[in-house]
Every structure is written in C-alpha cells, then in structure tokens.
Number of protein chains: 2
Amino acid sequence: MKDVATLAGVALKTVSRVVNDEPGVSDATAVRVRTAIERLGYRRNESARVLRSGRTASIGLVIEDVADPFYSSLNRAVEDVATKHGSLVLSGSSAEDPVRERELVLTFCSRRVDGLIVVPAGFDHDYLLPELQAGIVTVFVDRPAEPGLDVDTVLCDNTGGARLAVGHLLAHGHRRIAFLGDSPSIFTARERLHGYRRALTAAGLAPDEHLISMGPPDRARVAFELDRMRALPDPPTALLTGNGRLTVATLRAFAGATSPRLALVGFDDFELSDLIVPGVTVIAQEPARLGRTAAELLFRRLFGHDGPPEHLRLPTHLITRGSGEIPPH
Amino acid sequence: MKDVATLAGVALKTVSRVVNDEPGVSDATAVRVRTAIERLGYRRNESARVLRSGRTASIGLVIEDVADPFYSSLNRAVEDVATKHGSLVLSGSSAEDPVRERELVLTFCSRRVDGLIVVPAGFDHDYLLPELQAGIVTVFVDRPAEPGLDVDTVLCDNTGGARLAVGHLLAHGHRRIAFLGDSPSIFTARERLHGYRRALTAAGLAPDEHLISMGPPDRARVAFELDRMRALPDPPTALLTGNGRLTVATLRAFAGATSPRLALVGFDDFELSDLIVPGVTVIAQEPARLGRTAAELLFRRLFGHDGPPEHLRLPTHLITRGSGEIPPH
DNA sequence: GGCCGCGCTGACAACGTTGTCTTTGGGAGC
DNA sequence: GCTCCCAAAGACAACGTTGTCAGCGCGGCC
C-alpha cells in the first residue's frame, strides 16, 4: 500500500479511500491510484483490515460431516447466502464429537468470524456464552442448543414427519410397525421416536418396545436388529427408519436377506431413492432450505435486526415411491 | 491481552510467551498468567497474530460444488489432513465458472491463506502468477493447470480408467460401445474420451462419431442422446458414461424407457450403485485419496520441502456389479 | 571479589490497515 | 480584497499481536 501511494504520489489514506470506494477522491487521483495498484499487483491485506475494523466478512459453519449428502447440501445453501452478502464460509466437521465441535467453534471465534451456524453435537454449550456476549451471532440448525441457551434456531418438524410416516403405513393396513432410529443422544432421533410413539398411540395402538431400536447407523447393527425383530412371535410388517444412513443400511440388509421385505418408509430423501426397486418412500426434509433459512436469519442479525430469538420449524413431506405401499403379509 | 498482563502483574510479552508455549517463563509466572487468562476469558486475536507473523494456519480449497458427493469427499479428506496440521480449510464452490473460480482464489489470497488446493474450472490461470510469486503454495487436483503453469498436480488416471472400461465391455462381446461424456471444456471429460478412443483403436475397431456425445449431464440431453443412438441403423449395445452425474442421468433414462437396457459401465463410483438392479459396474476413483494426496503435497511444501513440481496420477479400478456384464443383444 | 553467563522478564517497534482530525487550496459571496 | 466554506488530501494514532533487543538478578568460576 505504501508502494502504491509512493508510485501514485499520494498519501496512504488516499489509497485506502480508493480501495474502499470511499468518497473524497477526485477522479484524476483515483485513476492514478488504480493504475499504480494494477502495476504493482497490490491486494489488500485482509488481516490488517480485520484487525482495524473488526468485520471479517466470514462466518463459521459447524456440521457433522462435510462429506455427508445431507450436510453438504446444507453447506452449499449457506455458502450461497454468504456469497450473496460478500461473506466467506469456514466449515468444519464435528464428526458428532462434542470436543471437536467445541474446538471448531473456538477456532472460528478466535479468527473473529462475524457469526456462527452450528449443528450441535454436544449437550453443553456453556463455552459459547462468552462468545455470544462478545457479540458473535449464532444460529443453531437441525438441532437446538441446550435449553438454557436462547438463540435463533431452525429445526425440521421431526415429530410431524414421523407421524406422517406412521400414518401412511397405518393407512396401508400395517399394525406391527417397527422403528429403527439413530443413537438417542441425537436430538432428531429422540424427536422422531417421539412422533412415532404418538402416532401409534393416537391410532389406539400401544408402542411395542421390542419393535424399537436406537443406535448408530452401522450395517451390522441394523442387520442384527432386523433379524431379531423378524424372529419375534409377532414380527413387524413395516419399518420406519430414522435417517438416511439407516435407510441405506436397511436396504443393504434387505438386499442380503432372503426373507420378504418389510414395508419401508425412510426419514430423509436421498439421491437414487427413486431408482431402487421398489422406489423408497420417504419423509423428505429440505437440507438446503434449512441451511438457507439459518443463513438468512444470521445475516439479518448481522445487518442490525435485533428481535427476540426465533425458533423455526420447517415442514417435512411424504414422497411415495413404492416401498411404503407394500401391504402387510 | 493487556488486561491479562495487568491482572497477572506481568508484561504483554510474557503473556504472549505463555500463550504460545514459548520457553523462558518460570512455572510460577506461567500459572499466574494462565489463571488470569481463564478469569478474563481471554482468547488470542488471530487477525493480529497473522498480521504480525504472516502464517494464517489456513488453506483455501476451490472445488466445483461442496454439495457434490465426489468433491465433498475430497473436501473432507483435505479437512482431515489440514486438521492434523492445525490448519483450517476455507472452501468454496466455483460452480464450473472460471470467473467465480478466480474470485474465490483471489478472496482466499487476500485473506492470506498459506496455500491453495484448486480444482480448476477455467483455462487461464495467469491471475495466479503474482500469488505464486508471493509465495502462496498451490496444488491442482483432479484437473491440471494450464500447460504454462508448472505446479504440483494430482490427477486420476482418466485415460487408463476409460480403457479399462472399454476393455471390460469388449471382453463381454460388445463391439458397438457408445461414450457419453461431460462437456469437452472439462479436462477429465477429454481424457476419458481419449482413453475410450484408444481402447477401441487398440482392439482394431474404428471409433464411430455417432456413438460419441459430449455435453452437460442434464437428464433431458442424456435421454435425447440415448434415443438418438438407439435409432441408428447399427445401434450401440453398450455404453460408457463419463462421470457420476451422467451415470445417474442414464439410469433415470433407462428407468423411464421401454427398450432393453444397454450394458453400462460408469466412470466414478457412487453410493447405492450396488443396490440398483442390476448393480452398476463402475470405474472407481478415490476422491478422498485425491484430496488427501493433494493436501499432503501442500503441507510438505509448507513445511519447507522444495523439490521440483510433482505430477501424480492415482490409479482407477474396475468394480463389476452386473450392468457391465450384460451381453450384447 | 569481580566477571561472566544464563534464565527470566520487560520495553519497544513493527505488521498493514482504517478512523479521526488537520491541512491545503480554490471558488463563491460580500 | 477579504472571509468563509467545502472538497480533496494528508498526518497520525490505533487495532492486538510478536520479534528483537536490552535489563536484571543470581550463581559459578577464576
């Protein structure tokens, strides 16, 4: 910058003004400065700018895994909104580990991001309090913060989605409907289980704990649980899987088994769900919409909005493709 | 930091030493400083640190789309390597737009990333020259830089993969093998086409231009081209698709059509390729390995390695699942 | 006892910007 | 011709660190 100023024969501050399109520079001077910038290949040092002015024009995004299709769609939606506002996205994978989540958030904060979008992995977000007080706007998405932390939150209607799924299976004549959910430590898994239970109860059926299994979405566990349920005296005729990975694991187990398939509704849509035979009936969320909504909430606050924290629920919808319409055998 | 120093009764520099684990601080003083840090909730301002010391501990990653499964796997692999080295990843989607690519790269540079990993969308990377000279280490991945720019590059063996695919189809008796590739502006599409041609020629068959179609992977175009080829007097009995998106579009076209399926080998593996019937035979690349290799190359240079630019080719391999073993009809 | 060296600590400048305040020059108005 | 004002431009400090060098006290060695 000093070199540019020297070459253009002006003071530092004038170069700064030109670079930032500030008023108070004559056209002739501006042209001279711009020429000098071009000649020297000058580019502003963002760190210095941040140091002086506070704004980093970047936001942090903590998701479970940047490679997971659900979260990578969310990531892309956040990126698009951020780009529209001239901001950059720092994203990191928490791998469902509270310690890693905390590390990522604190790293982002020490780099003075303007705001944070977090899919929380842990329960305890006390470590965020000083940051929030320091003015780092935070939005939780997909899962809420611990109850004590009242911040903007964008969730999907998990309970409603699960009830929709169970209702669909009930309408096709099923009475023995199993639920295969993710670990109960995960908020969405608990909510979906809750919706499943409520839908059964509302239909006058008592949930059968033998037909419920919660745990990580690995293939071995899924195959084991399906075998166990099938061996019951009164086995299930239908199944609701609690997220995309569980649905895929279930499909693999189905493909490897000889017994007839259960009717299946999966939570989360996924690519190629329509190309499998039969097509997989799903409760679709819109990850991109989750991300977009969260990002818009964030930027609204960054641009000065100062209302009370919002708690949004995005709708889910049923997409029938065949697997959920198999009758009970 | 000043407050911490005051509270601990030491000088600024001593706090700095404690924060950075530098030697030359007695245990007693260090404890006092650490207590003060805890009490005040102090966290180092990364911008100031960068301004002073130059190192940002962050790298920039430009890919086509953070939501694409291929590139998001690559992203994750880069993130893992970066985390291991205490670095953060800034990632952005170029959306196959050279202008956006340039913007992203320059934005990353103005934030003084230590290095760049780029999947180039454009041809012209002259804009990178000043940055390279300014010492920003760059690695190209998946596609090379323009010929004039001699930097570390990690590619996949596109030609070999395509030859492997064609060889497989030839071995199953096919003689009329079509190629459906992405836009010829994309390097990998050209290389794969080249491999396809060479494999046919090597087998004594003349490539038939009517059986070759290059263009964007949208469903309408793919369906149109397949119809066109099928209407030929001597239609293809087998098909090689040039990337994951084209394979998926082809499968959708197959599902919507009444005519018998062609034998199919797809470039790129994708989730659920095994659950479709018949399973999709593919030429698998390893996006995670591409990302990991590129990141390791980058960090090796950041840690001082100073050899000549490397040009790596990662192998591809054939995974047979059924679709590629359909005999000619 | 004097000198040297070493471990610990501190003072100060510098990194590249931008915010604030001041200076300069020229034109309009009386 | 003088004053006033305004646009343009500049001087300077400050942002929060870290690198450099200097200082201080203490123990060991001659």
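Values reported hereafter were calculated over all heavy atoms of this structure, with side chains retained and with hydrogens, waters and symmetry mates removed. Below, read A as the first sequence line, B as the second, and so on, with proteins coming before strands; counting in each chain starts at 1.
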Original post:
Do we see a donor-acceptor contact under 3.5 Å between the side chains of A:Asn20 and A:Arg44?
Top reply: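 There is such a pair (donor and acceptor under 3.5 Å, judged by atom type) between the side chains of A:Asn20 and A:Arg44.
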Original post:
Do the side-chain N or O atoms of A:Thr14 get closer than 4.0 angstrom to the phosphate oxygens (OP1, OP2) of D:dG10?
Top reply: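 Yes, within the criterion.
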Subject >> Between the first and last five pairs of the helix from C:dG1-D:dC30 to C:dC30-D:dG1, the angle of the axes, rounded to 10 degrees >> reply: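 Comparing the axis at each end, I get an angle of 60°.
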**OP:** Would you mind classifying the nucleic acid contact of A:Val50 as base, sugar-phosphate or nothing, using non-hydrogen atoms under 4.0 angstrom?
**Re:**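 Contact class for A:Val50: none.
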Donor-acceptor pairs under 3.5 angstrom involving side-chain atoms of residues 82-90 of chain B: please list them, not counting sequence neighbours.
{"from": "B:Thr83", "atom 1": "OG1", "to": "A:Arg100", "atom 2": "NH2", "distance (Å)": "3.3"}
{"from": "B:Thr83", "atom 1": "OG1", "to": "B:Glu79", "atom 2": "O", "distance (Å)": "2.8"}
{"from": "B:His85", "atom 1": "ND1", "to": "B:Val81", "atom 2": "O", "distance (Å)": "3.1"}
{"from": "B:Ser87", "atom 1": "OG", "to": "B:Ala57", "atom 2": "O", "distance (Å)": "3.3"}

Subject >> Verdict with reasoning, B:Leu298 to B:Asp114, per side-chain contact (heavy atoms from CB on, under 4.5 Å) >> reply: CA-CA 9 Å; B:Leu298 179 66; B:Asp114 299 331; over 6 Å; no
**OP:** Spell out protein contact along nucleotides 11-18 of chain D as letters: B when the base is contacted, S when just the sugar-phosphate is, - when no protein heavy atom is under 4.0 Å; keep the 5' to 3' order.
**Re:** B-BBBBBB
**OP:** Indicate yes or no: does A:Arg300 engage A:Glu310 in a salt bridge with an N to O separation below 4.0 Å.
**Re:**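 Yes, A:Arg300 and A:Glu310 are salt-bridged.
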**OP:** Tell me, please, which residues at least two apart from A:Asp152 pass side chain to side chain donor-acceptor pair (under 3.5 Å).
**Re:**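 For A:Asp152 the side chain to side chain donor-acceptor pair (under 3.5 Å) partners, ignoring immediate neighbours, are A:Arg301.
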**OP:** Return yes if some donor-acceptor pair links the side-chain N/O of B:Ser53 with the main-chain N/O of B:Arg49 below 3.5 Å, else return no.
**Re:**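 Yes; at least one donor-acceptor contact below 3.5 Å.
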Original post:
Considering residues at least two apart in sequence or located in another chain, which fulfil the side-chain contact (heavy atoms from CB on, under 4.5 Å) criterion with A:Arg143?
Top reply: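 side-chain contact (heavy atoms from CB on, under 4.5 Å) list for A:Arg143, sorted by chain: A:Glu64, A:Tyr71, A:Glu96, A:Val119, A:Pro120, A:Ile186, A:Phe187, A:Thr188.
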Subject >> Counterpart residues, ring pair (Phe, Tyr, Trp, His ring centres under 6.0 Å), relative to A:Phe140 (two or more places apart) >> reply: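 With neighbours one apart ignored, the set is A:His125.
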